[in-house]
Amino acid sequence: SLAGCAASNPRARSVFLYGPHHSFFVDLPRDWDPVPQQNTTYNLLLRYRHEDFKRNPSIYVRVFTRQLTDISQFIDNERAGFLEQCPDGRVQSLYPIDTQDQHRCTVFEYICTSTFAQRDMVAYLLDSATIVLFALSVADQEILPGEKSAFTQIVRSYALSRLTVIDATR
């Protein structure tokens, strides 16, 4: 679920994402807006305000309940699923990104050229009960500097909440 929230930085737009096993804040990058969703595939989906429909850049956040003790197992499963969909695809390790509350994210780039022209940057964050996946997806073979900057900004802004979220509707 997603709730709007005041940011610690008055110029930032922050959102609070929460669920049964997670609650955290992220800052929305400038010129990127949340997209209302019909399903619950993503915990947060953002589109570039000046959208280039051909490139269709998007940033999304997904939260997975932690089933595995090692994040490398989760990443290996992600890589295998990607290569099954795009047999000639490439996966390369990129620089890590540290969040403002000192979580270190492992970052990979997924590149597909033949099945569909797609390039994704994905940051994986391991928390005590969840794995948070941040992804920048572009229907093109090049990620532009502004897109990479927005992706890095949202990952760095991750701040675990110490709030206990209670569902008052039950």
Side-chain angles (χ1 to χ4, degrees), residues 1-19 22-64 75 78-79 81-83 85-86 88-101 103-125 127 130-161:
S1 294
L2 165 71
C5 224
S8 55
N9 174 355
R11 285 186 239 148
R13 297 177 305 145
S14 289
V15 293
F16 177 56
L17 288 95
Y18 63 92
H22 67 279
S23 61
F24 59 90
F25 295 91
V26 291
D27 293 342
L28 301 181
R30 183 178 174 182
D31 293 329
W32 291 75
D33 295 318
V35 176
Q37 298 180 60
Q38 303 301 319
N39 60 41
T40 58
T41 303
Y42 307 112
N43 296 82
L44 176 65
L45 174 63
L46 303 174
R47 292 268 192 242
Y48 186 56
R49 187 174 299 150
H50 309 288
E51 187 170 343
D52 175 343
F53 290 102
K54 183 178 180 188
R55 293 175 45 76
N56 196 24
S58 60
I59 294 175
Y60 61 89
V61 179
R62 291 188 68 188
V63 180
F64 299 89
I75 294 169
E78 289 275 304
R79 181 182 298 130
F82 170 77
L83 293 174
Q85 290 181 6
C86 184
D88 70 330
R90 292 189 333 257
V91 180
Q92 56 193 35
S93 179
L94 300 177
Y95 52 88
I97 300 174
D98 293 327
T99 67
Q100 70 178 359
D101 67 354
H103 282 84
R104 175 149 283 191
C105 298
T106 305
V107 182
F108 287 89
E109 188 168 36
Y110 294 80
I111 304 161
C112 185
T113 54
S114 66
T115 311
F116 47 90
Q118 185 80 24
R119 185 174 288 241
D120 297 340
M121 283 182 67
V122 181
Y124 301 92
L125 185 148
D127 202 348
T130 62
I131 294 174
V132 181
L133 182 151
F134 298 89
L136 166 63
S137 184
V138 179
D140 197 352
Q141 288 305 302
E142 181 183 4
I143 293 175
L144 300 178
E147 296 162 346
K148 188 180 287 189
S149 174
F151 173 76
T152 301
Q153 177 189 338
I154 196 169
V155 174
R156 283 192 179 139
S157 74
Y158 172 92
L160 188 63
S161 169

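Any value given below was found using the heavy atoms of this structure, including those in side chains, with hydrogens, waters and symmetry copies removed.
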* To do: To the nearest 0.5 Å, tell me how far L17 CG sits from H22 NE2.
  => 6.0 Å

* Let me see the working for W32 and R30 under side chain to side chain contact (heavy atoms under 4.5 Å, CB included), right down to the final yes or no. => CA-CA 6 Å; W32 291 75; R30 183 178 174 182; over 6 Å; no

* To do: Sequence neighbours left out, what passes ring pair (Phe, Tyr, Trp, His ring centres under 6.0 Å) with F108? Give chain and number order.
  => none

* **Exam field: side chain N43 to backbone V63, donor-acceptor pair closer than 3.5 Å** => yes

* **Atom pair CG (L125) and OG1 (T130), whose distance is rounded to the nearest 0.5 Å** => 7.5 Å

* Of all residues at least two apart in sequence or in a different chain, which pass the ring pair (Phe, Tyr, Trp, His ring centres under 6.0 Å) check with F151? -> none

* Asked: Is a side-chain N or O of Q100 found less than 3.5 angstrom from the main chain of R156, in a donor-acceptor match?
  -> no

* Least distance between heavy atoms, A135 atom then L133 atom -> CB-CD2, 3.9 Å

* **D101: side-chain hydrogen bond (donor to acceptor under 3.5 Å, both in side chains) partners, not counting sequence neighbours** => T99, H103

* To do: Identify the two heavy atoms, one from F82 and one from R90, that lie closest to each other, and give their separation to 0.1 Å.
  => CE2-O, 3.8 Å

* Structure fact -> Between the CD atom in Q153 and the CD1 atom in I97, the distance rounded to the nearest 0.5 Å is 11.5 Å

* Do the side chain of S161 and the main chain of F24 share a donor and acceptor less than 3.5 angstrom apart? -> no

* Listed partners of Q92 passing side-chain hydrogen bond (donor to acceptor under 3.5 Å, both in side chains), at least two apart -> E109

* Among all residues two or more places apart in sequence or in another chain, which pass the side-chain hydrogen bond (donor to acceptor under 3.5 Å, both in side chains) test with Y110? -> Y124

* To do: Might you work through the side chain to side chain contact (heavy atoms under 4.5 Å, CB included) test for D31 and Y48, ending with a clear yes or no?
  => CA-CA 6 Å; D31 293 329; Y48 186 56; 3.8 Å; yes

* Asked: Sequence neighbours excluded, which residues qualify as ring pair (Phe, Tyr, Trp, His ring centres under 6.0 Å) partners of F134?
  -> none

* **Under the side-chain contact (heavy atoms from CB on, under 4.5 Å) test, residues paired with D33 that sit two or more places apart** => R13, R49

* Considering residues at least two apart in sequence or located in another chain, which fulfil the salt bridge (Lys or Arg N to Asp or Glu O under 4.0 Å) criterion with D98? -> R104

* **Identified side-chain contact (heavy atoms from CB on, under 4.5 Å) partner of L46 from the options L28, V35, V15, V61** => L28

* Structure fact -> In short, S23 meets L160 closest at the heavy-atom pair O-CD1, 3.6 Å

* Separation between CG of L94 and SG of C105, rounded to the nearest 0.5 Å -> 12.5 Å

* To the nearest 0.5 Å, what is the distance between CG (L136) and CD1 (I143)? -> 4.5 Å

* To do: Would you please name every residue forming a side-chain hydrogen bond (donor to acceptor under 3.5 Å, both in side chains) with S137, sequence neighbours left out?
  => Q118, D120

* To do: Under the salt bridge (Lys or Arg N to Asp or Glu O under 4.0 Å) rule, collect the residues that match up with R79, sequence neighbours excluded.
  => D76

* Which heavy atom of E147 sits nearest a heavy atom of E142, and at what distance? -> OE1-O, 4.3 Å

* Structure fact -> Between R47 and S58 the two heavy atoms that sit nearest each other are NH1-CB, 2.8 Å

* For the pair S149 (side chain) and G146 (backbone), establish whether a donor and an acceptor sit closer than 3.5 Å, ignoring hydrogens and angles. => no

* Asked: So, for V155 and A123, which heavy atoms are closest and what is the spacing to 0.1 Å?
  -> CG2-CB, 4.0 Å

